[in-house]
Structure formats: C-alpha cells, structure tokens
Amino acid sequence: SQKIEQNSEALNIQEGKTATLTCNYTNYSPAYLQWYRQDPGRGPVFLLLIRENEKEKRKERLKVTFDTTLKQSLFHITASQPADSATYLCALPDQTGANNLFFGTGTRLTVIP
Amino acid sequence: DAGVIQSPRHEVTEMGQEVTLRCKPISGHDYLFWYRQTMMRGLELLIYFNNNVPIDDSGMPEDRFSAKMPNASFSTLKIQPSEPRDSAVYFCASSFDGYTEAFFGQGTRLTVV
C-alpha cells in the first residue's frame, strides 16, 4: 500500500523567512497531490492541488512543487507570518485510482515573530 | 452553503454505549468521506460514499463500526459498542467529484471512558 511521509513533525522558523515542508511517498505514482492546512480544533482546509504533469503551482505566498521522479512534493510559504502557524498535511489519492484521499501525518509549523 | 456540518461537536460516553455521529455534506457534492484523527495514527480514512452508496469501507476498524448514507444530505457513523480506544476526533468531508478538494466539517471529538 502507499506510504506517505512528511519528514518533520515540527518546524520553527523566523517571521519573514521561507518555510519549506516536505512530503514523500512510495510505491506508486499518484495522478495528483493536495496540501491542506489544519488549525487546532478545526478540520483540514484545502490549499492547493498539483497534478502529475505540473512541476510547480503557486497561490499568493504559497508554492508547491511535484517531482514524480523523486516521489516528493515540496510546499513553500514565502514571507512567513505568525498567522501561518498551523499543521500542514499532504494528501494523495488511493493507488488504485479510487476517489479517496490518504493523508500524511502532518508538519506543525510555528512562525516566530 | 454553510459547509459540512457535523454533530455533536463533543461526545463523552461510557464504554459499551452506542455512539452515533452525524454529518450533513455540502449540497451538490457526490462524495462523502469519514475520517478519524488521533495523535498516534494521524488522519485515517474509514469509509467513503459516492451518490449515497458505500464504495470502500476497508478502513473501518472492525464490525463495531458502521456507516450509512440514507440520502444525499445526511450520513451517520455508528459505533456499537464503544471502547476507550475509539476516542478520537472524527471528521466528515465531502467533495464534488472525488478528485478535487475535500471540504471538512469541524469534527466530533469523541471520548469513551
């Protein structure tokens, strides 16, 4: 079965710096990958989706890359702000192509003022 | 639309009791997912429905868990009998086509004592 790893449980960075979070997967080639943000006591909120034929996608201060050779996605937050502090989750569809999502364990980002 | 609505937000019950969690998906979404989140295991997919039909329940931990979707606007997840190890946050999510973003509810925090 597919395995999704988010390398860091927690990441602390200084305000204004770029945060880079990593998502690695094994055993198959997903057609797309998604990133979500989760705040304490709330459900995950969708941020970005990147497809296998896209190398990079941007949305405001967010940038996602998708390297299907390395089986890795990088999630960047530029000019980070304390309000960006949250847990970030990557999600991939089932390897059979079914319409469901499996999530990584998440990286808890803290932006220090 | 008010988003995905789950009830109750919090549930405390005694071991052996029946617990029913409820979910109202976003109108027009054909896919509904039930997830469970714990510190140890992260966000786990339990079951998902397409057009009210259960498609994949391989994530349901055991026969004590059951889920139904009697119509497009309502789903339940039932645990009978409940056990302390069922304590977790249970999320319901819906999606338009299963390939795009999933919208999560606020979750139900279940504590079984």
Side-chain angles (χ1 to χ4, degrees), chain A residues 1-10 21 23-25 29-54 57 59 62 64 66 73 75 86-108, chain B residues 2-10 21 23-26 29-60 67 88-110:
Chain A
S1 62
Q2 68 263 42
K3 189 176 178 184
I4 306 168
E5 286 185 347
Q6 292 191 246
N7 288 11
S8 302
E9 271 195 35
L21 285 64
C23 177
N24 294 294
Y25 57 93
S29 299
Y32 62 88
L33 185 148
Q34 300 185 16
W35 283 90
Y36 287 75
R37 168 182 173 143
Q38 186 174 23
D39 291 285
R42 295 185 168 272
V45 174
F46 171 82
L47 296 175
L48 282 166
L49 180 152
I50 186 165
R51 301 189 189 282
E52 61 180 339
N53 60 347
E54 298 175 312
K57 201 153 197 179
K59 179 182 175 182
L62 308 180
V64 173
F66 195 7
S73 175
F75 177 81
T87 295
Y88 291 87
L89 303 156
C90 68
L92 287 80
D94 182 86
Q95 63 181 343
T96 65
N99 302 94
N100 49 16
L101 278 178
F102 291 90
F103 284 80
T105 51
T107 297
R108 188 173 66 254
Chain B
V4 176
I5 300 173
Q6 292 186 246
S7 64
R9 288 295 310 276
H10 303 274
L21 311 181
C23 174
K24 181 181 185 323
I26 292 173
H29 282 190
D30 290 338
Y31 288 82
L32 183 139
F33 307 87
W34 281 100
Y35 287 88
R36 176 173 69 176
Q37 188 172 41
T38 60
M39 289 292 292
M40 290 296 295
R41 301 173 67 89
L43 202 57
E44 302 174 278
L45 177 66
L46 301 177
I47 185 172
Y48 81 96
F49 295 81
N50 177 22
N51 291 321
N52 314 338
V53 176
I55 302 301
D56 184 354
D57 65 353
S58 58
M60 297 284 260
V89 181
Y90 291 80
F91 286 103
C92 174
S94 71
S95 161
F96 176 68
D97 58 9
Y99 293 105
T100 52
E101 62 183 291
F103 292 81
F104 282 77
Q106 296 275 52
T108 294
R109 180 173 295 277
L110 173 66

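Just so we're on the same page: letters track the sequence lines, and every chain starts at 1.
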ask   = Heavy-atom distance under 4.5 Å to chain A: side chain of B:F103, backbone, both or neither?
value = neither
remark   = When the 4.5 angstrom heavy-atom criterion is applied to B:R109 and chain A, the contacting part is neither
query = Short question: side chain of A:E5, backbone of A:N24 - any donor-acceptor pair under 3.5 Å?
reply = no
task = Could you verify whether a donor N or O on one side chain and an acceptor N or O on the other, from A:Q38 and A:Y36, lie under 3.5 Å apart?
result = no
query = Measuring heavy-atom distances to chain A, does B:L45 have an atom under 4.5 Å in its side chain, in its backbone, in both, or in neither?
reply = side chain
Side chain, backbone, both or neither of B:Q6 within contact of chain A (heavy atoms, under 4.5 Å) = neither
request  = Just give me the residue among B:A102, B:C92, B:G105, B:G107 that pairs up with chain A most often, heavy atom to heavy atom, under 4.5 Å.
outcome  = B:A102
request  = Report the C-alpha distance between A:F46 and B:F96 in whole Å, list the side-chain angles of each, state the deciding distance to 0.1 Å, and finish with yes or no for ring-ring contact (aromatic ring centres under 6.0 Å, His included).
outcome  = CA-CA 13 Å; A:F46 171 82; B:F96 176 68; over 10 Å; no
B:S94 side chain vs B:L32 backbone, donor-acceptor pair below 3.5 Å = no
note = Taken in chain and number order and not counting sequence neighbours, the residues that satisfy salt bridge (charged side-chain N to carboxylate O under 4.0 Å, His left out) with B:E44 are B:R36, B:R41
key: Part of B:D97 lying under 4.5 Å from any heavy atom of chain A   = backbone
